[in-house]
Chemist: 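This structure is in structure tokens; I'll ask about it shortly.
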Amino acid sequence: MCGIFGYIGQANDAAQKVFNGLLDIEYRGYDSWGVAYWKMDNVGWKIEKRVGFLPSSFKFPASNISIGHTRWATHGGVTVTNAHPHLSCDGKLALVHNGIVENYLELKKELKSHKLKSETDTEIIIHLIEDRFKNNSLKHAVAEIFNKMAGLSAIVVSDGREIVACKRGSPLVLGKTKSGFVIASDPNAILPLTNKLIFLEDGQLVVLNKELKLYEVKDLNEIQAEFTNIDWKYTQGTKGQFPHFMLKEIYEQPQVLYNQIQSLDSVEKIIKELKNAFGTYFLGCGSASYTCFLGEYAFSKIAKKHVNFSIGSEFNYTEDFLTDKSLLIAVSQSGETIDVVEPVNLAKKKGTKVVALTNTLGSTLYRMADIKHLLNAGPEKAVASTKAVIAMVANLLLYAYGFAGKLEEGIKVIENSAKEIEEIIKKQGEIKKLADKIYQAQHTFVLGRGLSYPVALEAALKIKETSYIHAEGFASGELKHGCIALIDKGTPVILFVPEDETRPAVLANAMEVKARGAYVVGVGVEKAPSFDYFFKVKDVGASSVLPHIVFAQLLGYFLAVKKRLNPDKPRNLAKSVTVK
Ligand code: AGP
């Protein structure tokens, strides 16, 4: 979370470059933004800070050194004062930070003579560095303080003559341009300026002035710095004729599915690994965690193989049984989610083989993994994940079919589900009508059994994050064990009823909620008497989960639009979650 972008060099549009870079990394946090730049006439730092989204353009005066930030608030509210960059008391040093200083209260005790302006943990760091900088180089001052900071952070500090940066956990990438150096949280944001990159590793410190020098932050021993020419294309998502990225990305899903079955090299490689592994674990967060959970069901049903699923943030507490024979399949759109990256780090220390199923080339997870499977879903800009989720589910199904020796069947069902998604997109007006009917609901419940249980969880998440309606996903058999107490007259209850072994029991659950006054929404092959609203989805076998997820995405989208909310940037969220 939080985006960092910096530039130092001969070009005199440093702040402009930084602002343009921030536009590319705004997905990392959009509570507020700020740019500090050092004016050419050397009068010190000038700062622009604002609350809210970045404007599409902003005009800056000439400058040749600048650092900028987009914030996802952790410590301190969303205010201009709390926005980064933060300055030292004497105004000489500027700093941007991504992460959390876990021991900031303890560090704060040192700051007797400083006047703190913000409520952030970040501001403490710049004042501590300011004290050390009086008798030291900036490099020494930054290293000393960074070594005292607990938790995962990346910081970029400048005195207007050079930039010093270091990281632990949060990503930082360096680029060498014709006129100078850039530093950013995401390689994609650097690619318009250069493809000569260095990925800063944890525990490294970089000094950028006329040259670049790399050090170990713990002892400041110098390390050889080598740029690699990266052959990646800059991906700039544009909305085209669509009103929102989310809708555009929903429309792209049939093609994303066709892409998955065109090249199966990675799928085949991973099936081999699955066959050799003693203990397989699927790991992800949020929507990716639901795809992993669905993977567990799919492996049981299709491959008759047990795999273990865990939420990323809980895995550290249960991974004691990992060995060098285990296989860990880490699933993440961004490849930067710290709750995935951290357990992967620990698993690697145990010698466990790691597969990254990710949409982001060059991401931390991508670089850490032994086997890399790129989703190739194209840039996903809306914070609510749609096409990446669909690609994840498709690949987990393909792994399961492949493991069972039925890859051809897997390809066929994915193809059929892509066709059915095309039909659902054509029928989106029906889903819009449902949104118009239920948008004022305070609570909704989403139910499913078997493969449809993780679908219910994902559907509820989509509704929550886009429309702010309280939505709960349940295993539909579990509802009567307590949660049915929440069903009231008119409460929308959405049930996924595919043509599989779960149908009779889910229909019974539909009757139970109907009897308590619920407004019953059925999604599946055939209308039942208990349904107040029915959305038909053709049976496409196990991959019926894919069109069902698309139904929920469109419902979430239309609910947001009806409530005049921005589905692309829901409140309080960020696309890349890099803090614990
Ligand atoms: C999905 O709509 C969410 N915005 C969120 O749950 C997301 O799936 C989660 O944060 C994991 O992200 P990742 O796939 O980038 O790891």
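First listed ligand is number 1; within each ligand, the first listed atom is number 1. These figures come from a predicted structure and were not determined experimentally.
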Chemist: Starting from atom 12 (O) of ligand 1, locate the nearest protein heavy atom and write down its residue, its atom name and how far away it is, to 0.1 Å.
Modeler: Thr337 OG1, 3.5 Å
Chemist: Donor-acceptor pairs under 3.5 angstrom involving side-chain atoms of residues 425-432: please list them, not counting sequence neighbours.
Modeler:
residue	atom	partner	partner atom	Å
Lys426	NZ	Glu423	OE2	3.1
Lys427	NZ	Lys536	O	2.7
Gln428	NE2	Tyr251	OH	2.6
Gln428	NE2	Ile425	O	2.9

Chemist: Considering only non-hydrogen protein atoms, determine which one is nearest to atom 9 (C) of ligand 1 and report residue, atom name and distance to 0.1 Å.
Modeler: Cys285 O, 3.5 Å
Chemist: Minimum distance, heavy atoms only, to atom 15 (O) of ligand 1: which one of Ala382, Ser334, Ser385 is it?
Modeler: Ser334
Chemist: Under a heavy-atom criterion of less than 4.0 Å, does Val340 contact ligand 1?
Modeler: no
Chemist: Return the closest protein heavy atom for atom 14 (O) of ligand 1 as residue, atom name and distance.
Modeler: Gln333 N, 2.7 Å
Chemist: Show the numbers, then the answer: is there a salt bridge (Lys or Arg N to Asp or Glu O under 4.0 Å) between Asp202 and Lys167?
Modeler: CA-CA 5 Å; Asp202 282 354; Lys167 73 158 220 124; 2.7 Å; yes
Chemist: With a distance cut-off below 6.0 Å to the six-membered ring centre and an angular limit of 45° from the axis, does Lys305 pair with Phe299 as a cation-pi contact?
Modeler: no
Chemist: For residues Arg449 and Gly477, report the shortest heavy-atom separation together with the two atoms involved.
Modeler: NH2-CA, 3.1 Å
Chemist: What are the two closest non-hydrogen atoms of Pro187 and Phe199, and how far apart are they?
Modeler: CG-CE2, 3.9 Å
Chemist: Among protein heavy atoms, which sits nearest to atom 10 (O) of ligand 1, and what does the distance come to when rounded to 0.1 Å?
Modeler: Val577 CG2, 3.9 Å
Chemist: Any N or O of Gly335 that comes nearer than 3.5 Å to an N or O of ligand 1?
Modeler: no
Chemist: Looking only at non-hydrogen atoms, find the nearest pair between Ala456 and Gly448 and report the distance.
Modeler: CB-N, 3.9 Å
Chemist: Which residue and non-hydrogen atom of the protein lie closest to atom 7 (C) of ligand 1, and at what distance in Å?
Modeler: Ser287 N, 4.0 Å
Chemist: Within the 4.0 Å heavy-atom shell around Leu461, which atoms of ligand 1 are there?
Modeler: 6 (O)
Chemist: Return the minimal non-hydrogen interatomic distance between Ser332 and Gly335, and the atom names on each side.
Modeler: OG-N, 2.8 Å
Chemist: Considering only heavy atoms of Ala384, which atoms of ligand 1 have at least one such atom less than 4.0 Å away?
Modeler: 2 (O)
Chemist: Enumerate donor-acceptor pairs with a distance under 3.5 Å from any side-chain N or O in residues 560-569 to protein atoms, sequence neighbours excluded.
Modeler:
residue	atom	partner	partner atom	Å
Lys563	NZ	Ser467	O	3.1
Asn566	OD1	Asp568	N	2.9
Asp568	OD1	Phe245	N	3.3
Asp568	OD1	Met246	N	2.9
Asp568	OD2	Phe245	N	2.8
Lys569	NZ	Glu26	OE1	3.0

Chemist: Should one rank Lys462, Glu465, Glu336 by closest heavy-atom distance to atom 3 (C) of ligand 1, which comes out on top?
Modeler: Glu465
